[in-house]
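Inspection log for the structure reproduced underneath, given as C-alpha coordinates.
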Amino acid sequence: MPKISVEIPEELLNDLDEHVGEGGKFVNRSDAIRSSIRKTLDILDEIDSRHGRLEDE
(Lines give C-alpha, C1' and ligand atoms only; values in the text may rest on other atoms or scores of the structure.)
Protein backbone atom coordinates (compact mmCIF):
# COMPACT_ATOMS: atom_id res chain seq x y z
CA MET A 1 0.00 0.00 0.00
CA PRO A 2 1.51 3.36 -0.96
CA LYS A 3 2.30 5.83 1.81
CA ILE A 4 1.64 9.55 1.54
CA SER A 5 2.58 12.50 3.68
CA VAL A 6 0.12 15.29 4.41
CA GLU A 7 0.09 18.38 6.56
CA ILE A 8 -2.90 18.52 8.91
CA PRO A 9 -3.74 21.47 11.16
CA GLU A 10 -3.23 20.62 14.83
CA GLU A 11 -6.86 21.43 15.68
CA LEU A 12 -8.08 18.89 13.11
CA LEU A 13 -5.59 16.28 14.28
CA ASN A 14 -6.66 16.76 17.91
CA ASP A 15 -10.29 16.25 16.89
CA LEU A 16 -9.34 13.14 14.92
CA ASP A 17 -7.43 11.70 17.88
CA GLU A 18 -10.59 11.83 20.00
CA HIS A 19 -12.00 9.11 17.72
CA VAL A 20 -8.90 6.91 17.59
CA GLY A 21 -7.65 4.21 19.94
CA GLU A 22 -9.24 2.33 22.80
CA GLY A 23 -12.86 3.29 23.04
CA GLY A 24 -12.64 5.15 19.74
CA LYS A 25 -14.23 4.37 16.41
CA PHE A 26 -10.89 3.69 14.68
CA VAL A 27 -7.84 1.64 15.65
CA ASN A 28 -5.36 4.24 14.43
CA ARG A 29 -5.05 7.52 12.53
CA SER A 30 -4.45 5.79 9.20
CA ASP A 31 -7.68 3.81 9.55
CA ALA A 32 -9.60 6.99 10.37
CA ILE A 33 -8.14 8.91 7.43
CA ARG A 34 -8.77 6.06 4.96
CA SER A 35 -12.38 5.80 6.17
CA SER A 36 -12.85 9.53 5.80
CA ILE A 37 -11.47 9.52 2.26
CA ARG A 38 -13.75 6.61 1.27
CA LYS A 39 -16.80 8.37 2.73
CA THR A 40 -15.93 11.64 1.00
CA LEU A 41 -15.46 9.90 -2.35
CA ASP A 42 -18.80 8.09 -1.94
CA ILE A 43 -20.51 11.44 -1.26
CA LEU A 44 -18.85 13.01 -4.31
CA ASP A 45 -19.96 10.04 -6.46
CA GLU A 46 -23.55 10.52 -5.26
CA ILE A 47 -23.41 14.22 -6.14
CA ASP A 48 -21.90 13.48 -9.56
CA SER A 49 -24.56 10.83 -10.18
CA ARG A 50 -27.37 13.27 -9.39
CA HIS A 51 -25.86 15.73 -11.87
CA GLY A 52 -25.32 13.10 -14.58
CA ARG A 53 -21.54 13.40 -14.43
CA LEU A 54 -20.70 9.72 -13.85
CA GLU A 55 -19.61 7.59 -16.78
CA ASP A 56 -21.02 4.09 -17.09
CA GLU A 57 -18.55 1.51 -15.83
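All values reported here derive from a predicted model rather than from experimental measurement. Just so it is clear, the values below take in all heavy atoms, side chains as well, and ignore hydrogens, waters and symmetry mates.
Here the CG atom belonging to L41 is positioned 11.5 Å from the CD atom belonging to E46, to the nearest 0.5 angstrom. Rounding to the nearest 0.5 angstrom, the gap separating the CG atom in L13 from the CZ atom in R29 is 4.0 Å. The CG atom of N28 sits 11.0 Å away from the CG atom of D17 when rounded to the nearest 0.5 Å.
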> Can you check side chain to side chain contact (heavy atoms under 4.5 Å, CB included) on I33 and I8, steps first, answer last?
Replying inline: CA-CA 11 Å; I33 292 168; I8 299 174; 4.2 Å; yes

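Proximity of a side-chain donor or acceptor of S36 to a complementary backbone N or O of A32 within less than 3.5 Å is not detected.
Side-chain contact between V20 and D31 is absent, with no heavy-atom pair separated by less than 4.5 Å. Residues M1 and R34 have side chains in contact (heavy-atom distance under 4.5 Å, counting atoms from C-beta outward).
Legend: residues meeting side chain to side chain contact (heavy atoms under 4.5 Å, CB included) with D15, ordered by chain and number and at least two apart, are E18, H19.
Hydrophobic clustering of Ile, Leu, Val, Met, Phe, Trp and Tyr side chains at less than 4.5 Å, counting indirect connections, unites L16 with I4.
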